[in-house]
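For reference, positions follow the sequence shown, starting with 1. Fair warning: this is a prediction, and the values are worked out from it, not measured in the lab.
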Amino acid sequence: MNYVATDKAAAAIGPYSQGVVSGGILYSSGQIPLTAAGELVEGTISEQTHQVFSNLKAVLAEAGSSFGDVIKTTVFIKDMNDFAELNEIYATYFGDHKPARSTVEVARLPKDVKVEIEVIAKVNQ
């Protein structure tokens with residue numbers, strides 16, 4: 001196993017890593033809308049989702065991967081009423097690539113954010 005760590009995304013805020021590569025596959029930790037400096041992006045679901053994707057992009061790149069290599073995503077959303085707006089932004093990051101996805105409404109997320117996303121992706125080595 002290789003641990004993924006980049007200063008271009010928010011550092012882990014607990015006893016975990018930003019991601020782990022094993023067997024040519026990246027398993028990312030869930031990313032929330034924290035900047036690389038550790039500042040919380042407050043505001044709309046759109047603003048928070050863009051920050052989450054910025055973090056995911058950095059973790060993917062550090063592992064030698066990209067959005068086009070994502071196999072599966074899991075989206076945790078605080079309010080399913082925000083799903084359409086989140087989905088619109090999500091689509092811009094994946095384009096024609098359509099990884100498998102689960103979306104779950106949850107009662108609460110770390111730091112009371114509106115969205116958290118994790119990915120599984122192949123690594124190009």
Side-chain angles (χ1 to χ4, degrees):
M1 286 190 305
N2 295 314
Y3 297 103
V4 177
T6 178
D7 61 3
K8 294 179 176 69
I13 56 174
Y16 59 90
S17 59
Q18 291 170 324
V20 175
V21 175
S22 179
I25 302 291
L26 165 69
Y27 301 87
S28 84
S29 291
Q31 296 295 311
I32 63 173
L34 288 175
T35 67
E39 297 174 7
L40 181 63
V41 173
E42 299 193 40
T44 67
I45 188 72
S46 295
E47 293 165 318
Q48 289 196 2
T49 302
H50 281 297
Q51 182 60 52
V52 166
F53 273 101
S54 176
N55 292 343
L56 288 169
K57 182 178 181 180
V59 172
L60 285 161
E62 185 67 24
S65 193
S66 69
F67 289 122
D69 298 312
V70 172
I71 299 163
K72 167 92 169 62
T73 67
T74 305
V75 178
F76 303 95
I77 188 169
K78 187 170 182 177
D79 184 349
M80 199 56 83
N81 291 317
D82 290 333
F83 179 75
E85 192 173 346
L86 176 142
N87 203 42
E88 193 173 303
I89 294 160
Y90 178 101
T92 67
Y93 287 91
F94 287 107
D96 291 335
H97 178 60
K98 305 224 181 312
R101 177 178 75 185
S102 299
T103 302
V104 181
E105 182 181 60
V106 295
R108 194 167 183 203
L109 289 164
K111 298 194 175 282
D112 291 316
V113 300
K114 295 176 174 102
V115 61
E116 178 175 359
I117 302 174
E118 63 186 29
V119 299
I120 299 171
K122 69 178 181 150
V123 174
N124 301 305
Q125 306 235 2

Requested in this report: Sequence neighbours left out, what pairs pass side chain to side chain donor-acceptor pair (under 3.5 Å) with at least one residue falling in residues 15-25?
Outcome: none
Query - Cluster overlap F53 with V113, hydrophobic side-chain contacts below 4.5 Å - result: no
Query raised in the report: Between atom OG of S102 and atom NZ of K72, what is the distance when rounded to the nearest 0.5 Å?
Result: 3.0 Å
Query raised in the report: Can you list the residues that meet the side chain to side chain contact (heavy atoms under 4.5 Å, CB included) rule with E47, with sequence neighbours excluded?
Result: V41, T44
Report task. Would you mind listing every ring pair (Phe, Tyr, Trp, His ring centres under 6.0 Å) that reaches into residues 30-49, with sequence neighbours excluded? Result -> none
**Report entry** Partner residues of D96 under the side chain to side chain donor-acceptor pair (under 3.5 Å) criterion, sequence neighbours left out
**Finding:** none
Query raised in the report: Apart from Y3 itself, which Ile, Leu, Val, Met, Phe, Trp or Tyr residues share its cluster (side-chain heavy atoms under 4.5 Å, direct or through members)?
Result: M1, V20
Report task. For D7, check side chain to side chain contact (heavy atoms under 4.5 Å, CB included) against everything at least two apart and list the hits. Result -> none
Contacts under 3.5 angstrom, residues 85-92 side chains, donor-acceptor by atom type, not counting sequence neighbours:
{"unit_1": "E85", "atom_1": "OE2", "unit_2": "S46", "atom_2": "OG", "d": "2.5"}
{"unit_1": "N87", "atom_1": "OD1", "unit_2": "R101", "atom_2": "NH1", "d": "2.7"}
{"unit_1": "N87", "atom_1": "OD1", "unit_2": "R101", "atom_2": "NH2", "d": "3.0"}
{"unit_1": "Y90", "atom_1": "OH", "unit_2": "T73", "atom_2": "OG1", "d": "2.9"}
{"unit_1": "T92", "atom_1": "OG1", "unit_2": "I89", "atom_2": "O", "d": "2.6"}

Query raised in the report: Linking I/L/V/M/F/W/Y whenever any side-chain heavy atoms sit under 4.5 Å apart, do V4 and V123 land together?
Result: yes
Query raised in the report: Are I45 and L109 linked, directly or through other ILVMFWY residues, by side chains that come within less than 4.5 angstrom of each other?
Result: no
**Report entry** Nearest-0.5 Å distance that lies between atom CD1 in I117 and atom CD1 in I77
**Finding:** 8.5 Å
Report task. State which residues pass side chain to side chain donor-acceptor pair (under 3.5 Å) with H97; sequence neighbours excluded, sorted by chain then number. Result -> none
Query raised in the report: What residues join Y27 in its hydrophobic cluster, counting side-chain heavy atom gaps under 4.5 Å, either direct or through other members?
Result: I25, I71, I120
Report task. Give a yes or no on whether V115 and F94 share a hydrophobic cluster (residues Ile, Leu, Val, Met, Phe, Trp, Tyr; joining criterion: side-chain heavy atoms under 4.5 Å apart). Result -> yes
**Report entry** Minimum heavy-atom distance between A9 and Q31, given as atom pair plus value
**Finding:** CB-OE1, 4.5 Å
Report summary line: Nearest heavy-atom contact between M80 and T103 is CE-CG2, 4.2 Å
Please table the atom pairs, donor to acceptor, closer than 3.5 Å between any side-chain atom in residues 55-68 and protein atoms at least two apart or in another chain.
{"unit_1": "N55", "atom_1": "OD1", "unit_2": "Q51", "atom_2": "NE2", "d": "3.1"}
{"unit_1": "N55", "atom_1": "ND2", "unit_2": "I32", "atom_2": "O", "d": "3.0"}
{"unit_1": "N55", "atom_1": "ND2", "unit_2": "L34", "atom_2": "O", "d": "2.9"}
{"unit_1": "S65", "atom_1": "OG", "unit_2": "K122", "atom_2": "O", "d": "2.6"}
{"unit_1": "S66", "atom_1": "OG", "unit_2": "G68", "atom_2": "N", "d": "3.4"}
{"unit_1": "S66", "atom_1": "OG", "unit_2": "D69", "atom_2": "OD2", "d": "3.2"}

Report summary line: So salt bridge (Lys or Arg N to Asp or Glu O under 4.0 Å) across residues 104-117, not counting sequence neighbours, yields R108-D112
